[in-house]
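Each remark here refers to the structure printed beneath this line.
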Amino acid sequence: MDKHGSTRRAAIRIAAPLVVGIALALVPTPGGLSPSAWRYFALFAAVIVGVITEPIPAAAVGLAGVVIAAVSGLVYAEPARATSWALSGFSNSTVWLIFAAYMFALGYSKTGLGKRIALMLIRAMGRRTLGLGYAIAFTDLALAPFTPSNTARSGGTIYPVIRNIPELFGSGPDDGTARKMGAYLIYTALAVTCVTSSMFLTALAPNVLALALIEKTIHVTISWTQWFTGFAPVGIVLFLLVPFLVYVIYPPEIRSSPEAPRWAAEQLGQMGPPSKREITLLVLVALALALWIGGTKYIDPTLAAVVVVVLMVSCGVVTWIDVLSNRQAWDTLVWFATLVTLASGLAQVKFVDWLANAIAHALIGLGTVAAAALLVGTFFALHYLFASITAHTTALLPVFLGVAVKMPGFSPLAWALLLGYTLGMMGIITPYGTGPSPIYYGSGYVRSTHFWLLGLILGVVFVVVYLTIGLPWLAFLKV
């Protein structure tokens with residue numbers, strides 16, 4: 001690669017976010033929006049472009065955006081309130097659950113338990129990489145109905161295990177070998193959990209929040225069975241499609257390994273019986289999973305994960321030095337915390353309210369199918385502005401519900417389901433769209449530009465399949 005070409009690419013990476021931010025800031029402020037709110041949106045857009053192009057590390061881009069917004073008073077003019085807002089992302093529970101998931105992965109690596117379980121998966125289904133993709137998918141499906149946090153389910157339980165598989169095949173992050181196998185497995189795990197998060201009411205915490213908002217806004221109640229039945233045809237098709245689709249559009253270089261199961265069996269024999277540290281970690285992980293599934297009434301999933309991390313250190317599974325030196329975990333924590341803060345700023349300056357109302361009211365008067373497609377597509381695409389599905393649900397669902405029920409063709413229950421089902425799926429579109437996203441993005445297996453492009457492709461596929469199958473199905477059910 002020539003020096004001039006490298007310099008040119010570096011200049012583009014630096015210039016792109018600056019050009020976007022300045023260009024938007026120079027556009028006249030739209031009616032109904034304050035100048036400071038429009039300038040804040042320009043800053044937010046510049047940060048997102050910077051996260052994509054990475055002129056400096058993504059965490060530093062996010063931190064710079066928060067600092068600029070706070071110092072310039074775009075969200076709060078008072079220094080004390082601006083500072084409190086700037087640091088608010090670091091108190092977000094999902095941020096710390098993501099951090100805990102990295103500690104779980106560290107424990108799997110340090111003890112060898114991750115390698116052992118990975119070898120067992122390879123021994124069972126390792127003849128083909130596609131088989132491993134489906135093994136990951138069915139593992140997520142088995143846990144989804146009982147785990148209301150997809151971060152805990154996918155990031156805290158599945159990721160620490162599958163992170164060990166690619167390296168056994170010589171596929172590592174950031175070293176030119178990611179596409180051998182790791183990139184495929186990592187992205188498949190994320191895409192699948194976005195589907196299962198929509199399949200079950202109890203597979204994603206914001207689903208339950210959505211039910212409360214639906215009942216409060218349009219006085220409609222939805223049962224677990226109604227939720228599952230209404231999405232089942234879409235969910236089954238997407239669930240079976242996703243591992244194969246990712247295999248086609250983002251193919252691994254290692255597609256088959258007929259000798260892998262025998263090799264894995266030999267490696268397991270050489271490892272011998274599980275060590276004391278492996279057994280200790282297995283017990284602690286089982287404790288975390290039990291608390292995530294059955295203890296949500298008594299302890300928050302994030303606090304449960306942090307308790308287990310403390311026990312991991314106390315029991316010698318990992319050392320405190322291991323925790324402090326995990327650069328990837330701390331880097332992801334800063335990156336996601338700053339993006340959560342920046343996304344919350346859009347709501348604080350009333351940009352989200354302005355945009356949602358402008359779009360939603362533009363849909364009134366359309367035909368039923370066109371209105372449903374545009375309503376769902378717009379609600380889905382607006383997730384680019386959010387680093388939290390909970391925030392998206394709280395800010396936009398009541399607005400879109402209020403507009404939807406005024407349109408003929410579907411019952412209030414059908415409109416509620418049409419919007420509610422998108423909450424899990426929309427997490428696929430960005431590296432910050434749902435709790436597990438920063439974990440898989442931070443693994444380093446999928447390049448930044450690839451992550452955004454794959455998110456766009458799968459986002460479109462999800463919406464098209466959803467509307468093609470979901471609309472006729474809900475009409476058939478006559479909900």
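Keep in mind that what you see is a predicted model, and the values were worked out from it rather than measured. Positions are given from 1, in the same order as the sequence printed here.
In this structure, S437 contributes its side chain and Y432 its backbone to no donor-acceptor pair below 3.5 Å. Side chain of W292 to backbone of P301: a donor-acceptor contact under 3.5 angstrom is found.
Taking the six-membered ring where the residue is Trp, W330 and F99 present tilted rings, their angle falling between 30° and 60°. In this structure, H383 and F386 have parallel ring planes: the angle between them is below the 30° cut-off, well short of the 60° mark. Relative orientation of the W452 and Y384 rings is parallel, given thresholds of 30° and 60° on the angle between their planes. Using the six-membered ring where Trp is involved, F239 and F138 have ring planes that are perpendicular, over 60° apart on the 30 and 60° scheme. Using bins of under 30°, 30° to 60° and over 60° for the plane-to-plane angle, the ring pair W227/Y421 lands in the perpendicular bin.
Y440 and S154 share a donor-acceptor pair across their side chains, judged by distance under 3.5 Å alone. Using modelled atom types and a 3.5 Å distance limit, the side chains of T202 and W224 yield a donor-acceptor pair. The closest side-chain donor-acceptor pair between Y76 and Q348 falls under 3.5 angstrom. The closest side-chain donor-acceptor pair between S36 and S34 falls under 3.5 angstrom. A donor and an acceptor atom, one from each side chain of R163 and S443, are nowhere located under 3.5 Å apart. Side-chain atoms of T193 and N150 include no donor-acceptor pair closer than 3.5 Å. Between the side chains of Y102 and T332, a donor-acceptor pair is found at a separation under 3.5 Å.
Expressed to the nearest 0.5 Å, how far CH2 of W96 lies from CG of L303 amounts to 13.0 Å. Atom-to-atom distance recorded for S314:OG and L284:CG is 9.5 Å, nearest 0.5 angstrom. To the nearest 0.5 Å, atoms CG (L245) and CG (L238) are separated by 9.5 Å. Here the straight-line distance linking atom CZ of F146 with atom CZ of F200 works out to 8.0 Å at 0.5 Å rounding. Once rounded to the nearest 0.5 Å, the distance linking CG of L213 with CG of L397 reads 6.0 Å. With rounding to the nearest 0.5 angstrom, the OG atom of S197 is 10.0 Å from the CG atom of L423.
For an aromatic pair to be called close, the ring centres must be under 6.0 Å apart, and Y250 with Y184 fails this.
With a 4.5 Å cut-off on side-chain heavy atoms, L418 and L375 do not count as touching. Considering only heavy atoms from C-beta on, I162 comes within 4.5 Å of I158 through its side chain. Residues L97 and S149 have side chains in contact (heavy-atom distance under 4.5 Å, counting atoms from C-beta outward). Taking the side chain as every heavy atom from C-beta outward, F451 and I52 never approach each other to under 4.5 Å. Side-chain contact check for H392 versus F379: some heavy-atom pair is nearer than 4.5 Å. In this structure the side chain of T188 never reaches within 4.5 angstrom of the side chain of Y247, judged on heavy atoms. Using a 4.5 Å heavy-atom threshold, the side chains of T151 and I439 count as touching. Contact check for Y108 versus V285: side-chain heavy atoms found under the 4.5 Å cut-off.
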Run the side-chain contact (heavy atoms from CB on, under 4.5 Å) check on V313 and V317 step by step: do they pass? CA-CA 6 Å; V313 175; V317 173; over 6 Å; no

Give the intermediate values and the outcome of side-chain contact (heavy atoms from CB on, under 4.5 Å) for residues I249 and L458. CA-CA 10 Å; I249 65 175; L458 265 71; 3.5 Å; yes

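Heavy-atom minimum distance, A191 versus F462: O-CZ, 4.1 Å. In plain terms, the two heavy atoms of A372 and L471 that are nearest each other are CB-CD2, 3.9 Å.
Of the candidates T139, D140, T147, R153 forms a side chain to side chain donor-acceptor pair (under 3.5 Å) with just one, namely D140.
By the ring-ring contact (aromatic ring centres under 6.0 Å, His included) test, F410 is found to be paired with W415, residues two or more places apart in sequence or in another chain being considered.
In M407, the CE atom is crowded: over 12 heavy atoms of neighbouring residues, nucleotides or ligands sit closer than 6.0 Å.
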